[in-house]
Structure formats: C-alpha cells, structure tokens
Engineer: 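Provided herewith is a single structure, encoded as structure tokens, for subsequent inquiry.
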There are 2 protein chains.
Amino acid sequence: MTPRSPRPRDRGIPEATVARLPVYLRALQGMAERGILTVSSEDLATIAGVNSAKLRKDLSHLGSYGTRGVGYDVDYLVYQISRELGLTQDWTVAIAGVGNLGRALANYGGFGTRGFRIAALFDADRRVVGDEVAGLVVRHIDTLEDVVGSEGVSIGVIATPAASAQGVCDRFVEAGVTSVLNFAPVVLNVPPAVDVRKVDLSIELQILAFHEQRKADGQAPPEAGWIDATEKT
Amino acid sequence: MTPRSPRPRDRGIPEATVARLPVYLRALQGMAERGILTVSSEDLATIAGVNSAKLRKDLSHLGSYGTRGVGYDVDYLVYQISRELGLTQDWTVAIAGVGNLGRALANYGGFGTRGFRIAALFDADRRVVGDEVAGLVVRHIDTLEDVVGSEGVSIGVIATPAASAQGVCDRFVEAGVTSVLNFAPVVLNVPPAVDVRKVDLSIELQILAFHEQRKADGQAPPEAGWIDATEKT
C-alpha cells in the first residue's frame with residue numbers, strides 16, 4: 001500500500017466536490033467489503049452516478065490520480081477521502097427533539113461506522129425524558145449546555161418542531177457547537193463561524209415535481225452532463 | 001398584477017437553479033403571509049442565503065427580471081416559481097415503510113400546502129398494517145401496485161430498511177411511478193426515465209465533518225461565493 005502522507009493543507013476544494021466525496025466513499029467502502037482491491041475511474045463513476053471526467057477531477061483535488069491501466073487503490077482512496085472529510089476522527093453528535101424523526105435518526109445504523117457518535121438525546125417533553133432510545137436515556141433540554149460541554153458535542157442535530165428550532169439552535173451555538181444539521185422547516189440564523197446544513201423534505205419533493213412536470217409535458221430529458229449527478233444520486 | 005402568461009417551454013434551467021427555486025419560494029411565501037408586496041433582489045438573496053447576482057441570474061431563467069428601484073412582485077414571483085416547479089397542480093405521494101421515519105414523513109406538516117398529497121402508506125409488517133397514521137390507514141405492501149394505479153401516485157417515497165429498498169423501488173417503477181425519493185441508505189437502480197433523489201443523513205453529517213475539521217485546523221473560511229449557498233441553506 002502507498003505510504004500514508006499527511007493531509008495536504010490550504011488547498012481549496014470546491015463545495016460541490018465535498019458534497020460528492022461521501023458518495024464516492026460509500027461506493028468504495030462497499031467494494032472494500034467485497035474484497036475489491038482496485039477500481040477504474042469509469043466503474044467508480046458509474047456506481048457513484050457521475051461521469052468519469054468529473055470523478056477524476058474531484059479526486060485530483062485530493063492529490064489522487066490513479067494509475068493508468070490499473071485505476072485507483074480502493075483501500076487507499078477510502079483512507080484519502082475519509083481523511084479529507086475528517087472521518088479519521090470521531091465526531092460527537094447530539095440530537096434535540098425525540099419525536100418520530102429524532103427516534104429515526106437515533107436508530108439510523110450508518111453513524112457509528114462513519115465517524116459519528118451520538119452522545120445525547122434531548123427533549124423538552126417530560127413524558128419523553130428518561131425514555132431509552134437507541135441505547136441512550138433521553139435528557140431534558142435544560143441540560144443541553146452541561147451535556148454539550150461534558151460530552152464534547154461538536155455537531156447538533158435539530159429534529160424539533162419548527163417553533164422550537166431557533167431557540168434550540170441558539171442554545172447549541174451558545175454552548176459551543178459549531179455545526180448544525182437542521183431538519184426543522186425553518187431557516188436558522190447562526191453566527192458566520194457556524195455551519196448549518198438543512199435537510200428539507202419538501203424541497204426534495206419540489207425538485208422531483210419539477211422533473212415530473214417536465215416528463216408530463218413530454219419534454220426531452222436534459223442532455224447528459226447537464227444535470228449534476230450529485231443531485232440525482 | 002401582471003397577467004399570468006403560460007409557462008415558457010423548452011428553456012433549459014440549470015439543475016442547480018432548480019434546487020434553489022424551492023428556497024426562494026419558501027422565503028417569498030413567508031413574505032406574502034406577512035403582507036409584503038415587493039422585494040429587492042438583495043433582500044430576497046439575503047433571506048435565501050445566496051448572493052444577489054446569483055439570485056437575479058436564477059430568476060432570469062424564469063423570465064423574471066424585477067423592476068429597477070422596485071424589485072420583484074412577491075405574489076407574482078410565488079406564482080412563477082410554483083408554476084416552474086410544477087406546484088400549481090397537486091402531486092400524489094405514497095410512502096413505503098411506516099417505521100419512525102415513515103411516520104415522521106407522514107406527519108410532516110409542509111406537504112399539503114406545497115402541492116403534495118400523501119395518498120397512501122405501505123408496510124410489509126402485518127403488525128403495522130391497519131394502523132392509522134396521519135389520518136391514513138397503513139396498507140400492506142402487496143397492495144402497492146393496485147393503490148398506485150387507483151390513487152394516481154406519481155412520487156414514491158422509500159423509508160424502508162436498506163435491504164427492502166430496491167425491491168420496493170422496483171415495484172413503484174413497475175406500477176408506473178416516475179419519481180422516487182429515497183431515504184434508505186442504498187443507491188437504487190432505476191430506468192433512465194425515472195428520477196431518484198436521495199436524502200442521506202450520513203452524507204450531510206460527513207459534509208459538516210469536513211467543515212468541522214477545517215475549523216479545527218484553523219484554516220480560514222473559504223472566500224464568499226466559493227461555497228454554493230444552496231448547500232449551506
């Protein structure tokens with residue numbers, strides 16, 4: 001295996017590339033589990049749903065160019081992408097809001113293996129506080145500040161009703177959380193140093209509706225390459 | 001109010017613009033509810049989290065240019081974006097998988113007002129079939145084909161475990177569904193005419209981890225405009 005060099009610094013990686021790296025990573029991890037040692041850019045691109053030129057460009061940002069006629073070393077590429085994404089260390093996550101969505105997230109199997117540890121669940125409803133969900137006892141939201149500090153939470157997940165989301169977000173930020181994943185249907189205001197990503201089901205559905213309408217109109221599908229494959233995957 | 005022209009045809013709208021239209025729409029609907037009649041591109045851009053040049057470019061794809069010194073007519077822009085996204089008609093949605101996630105989706109308040117009608121819930125577990133969730137009786141997955149036909153379902157939402165997702169997707173597609181929103185942690189294979197969008201929490205978390213790592217490294221945040229604001233919102 002190629003020696004593991006330190007992660008190169010100060011190279012800007014386009015945000016669109018960052019968004020595709022987890023898709024490549026998942027495809028590569030699947031190959032690694034099946035004992036596949038090398039992969040061509042064409043094969044990896046097909047599995048990840050992008051074109052191979054874009055894939056090669058994306059991976060070149062990591063300093064990974066593959067070997068002509070051989071392709072990429074699967075294990076090493078898993079390592080390079082994991083390192084780039086910061087998954088070679090564990091990130092501690094807390095979920096606020098333990099309704100159906102919060103429970104679904106807490107029980108989601110894919111975290112532990114991907115560099116994330118769910119350390120705490122919070123709810124404001126005393127009927128839920130004390131319940132065991134996914135092996136964790138639900139804590140009252142008023143303990144948020146203490147627990148974020150003691151557990152070293154760096155990522156806060158907001159799965160509360162819309163009306164509570166900004167208040168919970170403010171508490172996460174005040175307690176030192178610098179990344180927020182927001183499922184509540186509101187736009188959150190945060191200081192510039194805090195990253196927020198929003199998962200909004202109605203937005204995804206609206207994008208599908210656009211394509212449904214285009215199909216209903218009998219319009220030709222867009223040319224290959226026009227749709228960004230990340231958004232299709 | 002400006003007369004409502006038919007939706008222009010055959011103009012390609014970049015996929016990245018399509019992905020931002022729902023964000024603008026939500027901001028505009030909020031303004032309309034508060035009785036705001038016109039909005040400047042700068043103000044709308046700020047609320048939507050993009051820069052104003054990108055906003056104006058996006059809206060120009062809809063043939064909407066605003067009026068110098070006045071801005072955009074809020075109601076008309078709501079109409080134009082809704083029309084472009086295909087939200088001036090109702091889309092019928094079915095959800096397969098009525099675990100915590102499926103229940104959270106079924107109870108999600110934002111659908112009805114945004115052009116989506118949830119017509120059916122399916123599960124394979126006979127202990128769940130017959131339950132009432134969000135005003136619907138859960139049906140057995142073996143009725144999927146009949147119900148998709150009788151209800152005219154055009155969008156299938158997959159909230160099943162990973163192992164069942166491809167099978168359910170195949171049944172949706174076979175039954176005539178042409179858009180699939182996938183929450184299961186697998187890549188689905190579909191014919192080219194079917195659109196799939198994937199919501200993957202671990203991917204969102206991985207993108208946050210990238211930014212957390214960059215912050216931990218003490219690297220400067222990227223220049224304004226370098227991060228695509230859709231991906232931050």
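Note on naming: letters A, B, ... go to the chains in the order of the sequence lines (proteins, then strands), and numbering restarts at 1 for each one.
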Engineer: Minimum heavy-atom separation for B:E15 to A:H211, with atom names?
Structural biologist: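 Taking every non-hydrogen atom into account, OE2-NE2, 2.8 Å.
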Engineer: Please report the shortest heavy-atom distance between A:L85 and B:Q213, naming the atom on each side.
Structural biologist: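 Looks like C-NE2, 4.1 Å.
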Engineer: Please rank B:L181, B:L101, B:V93 by heavy-atom pairs under 4.5 Å with chain A and give me the top one.
Structural biologist: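 Maximum pair count with chain A is reached by B:L181.
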Engineer: Side chain, backbone, both or neither: which part of A:L25 has an atom under 4.5 Å from a heavy atom of chain B?
Structural biologist: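 Just the side chain, heavy atoms under 4.5 Å.
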Engineer: Would you say the side chain of B:V187 lies within less than 4.5 Å of the side chain of A:R26, judging by non-hydrogen atoms?
Structural biologist: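 Yes, at least one pair of side-chain atoms sits under 4.5 Å.
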Engineer: Using a 6.0 Å cut-off, check whether atom CD of A:E174 has over 12 heavy atoms from anything other than its own residue.
Structural biologist: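 Atom CD in A:E174 is not packed in, count stays at 12 or less.
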Engineer: Tell me the closest heavy-atom pair linking B:L87 and A:A209, and the distance in Å.
Structural biologist: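 The answer is CD2-CB, 3.9 Å.
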Engineer: Highest number of heavy-atom pairs under 4.5 Å with chain B: which of A:S154, A:S82, A:A159, A:P161?
Structural biologist: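 The answer is A:S154.
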Engineer: If you look at every heavy atom in B:I207 and A:A19, which pair is closest and at what distance?
Structural biologist: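 The pair with the smallest heavy-atom distance is CD1-CA, 3.6 Å.
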Engineer: First locate atom CZ of A:F210, then atom OG1 of B:T17, and finally report the distance between them rounded to the nearest 0.5 Å.
Structural biologist: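 Rounded to the nearest 0.5 Å, the CZ-OG1 separation comes to 9.5 Å.
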Engineer: On a heavy-atom basis, which atom in A:F116 and which in B:Q206 lie closest, and how many Å separate them?
Structural biologist: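 Smallest heavy-atom distance, with atoms named: CZ-N, 3.6 Å.
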Engineer: Tell me, side chain or backbone of A:L205 under 4.5 Å from chain B's heavy atoms, or both, or neither?
Structural biologist: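 The answer is both parts of A:L205.
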Engineer: What part of A:A27 gets closer than 4.5 Å to chain B, counting heavy atoms only: side chain, backbone, both or neither?
Structural biologist: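 Contact with chain B involves no heavy atom of A:A27 at all.
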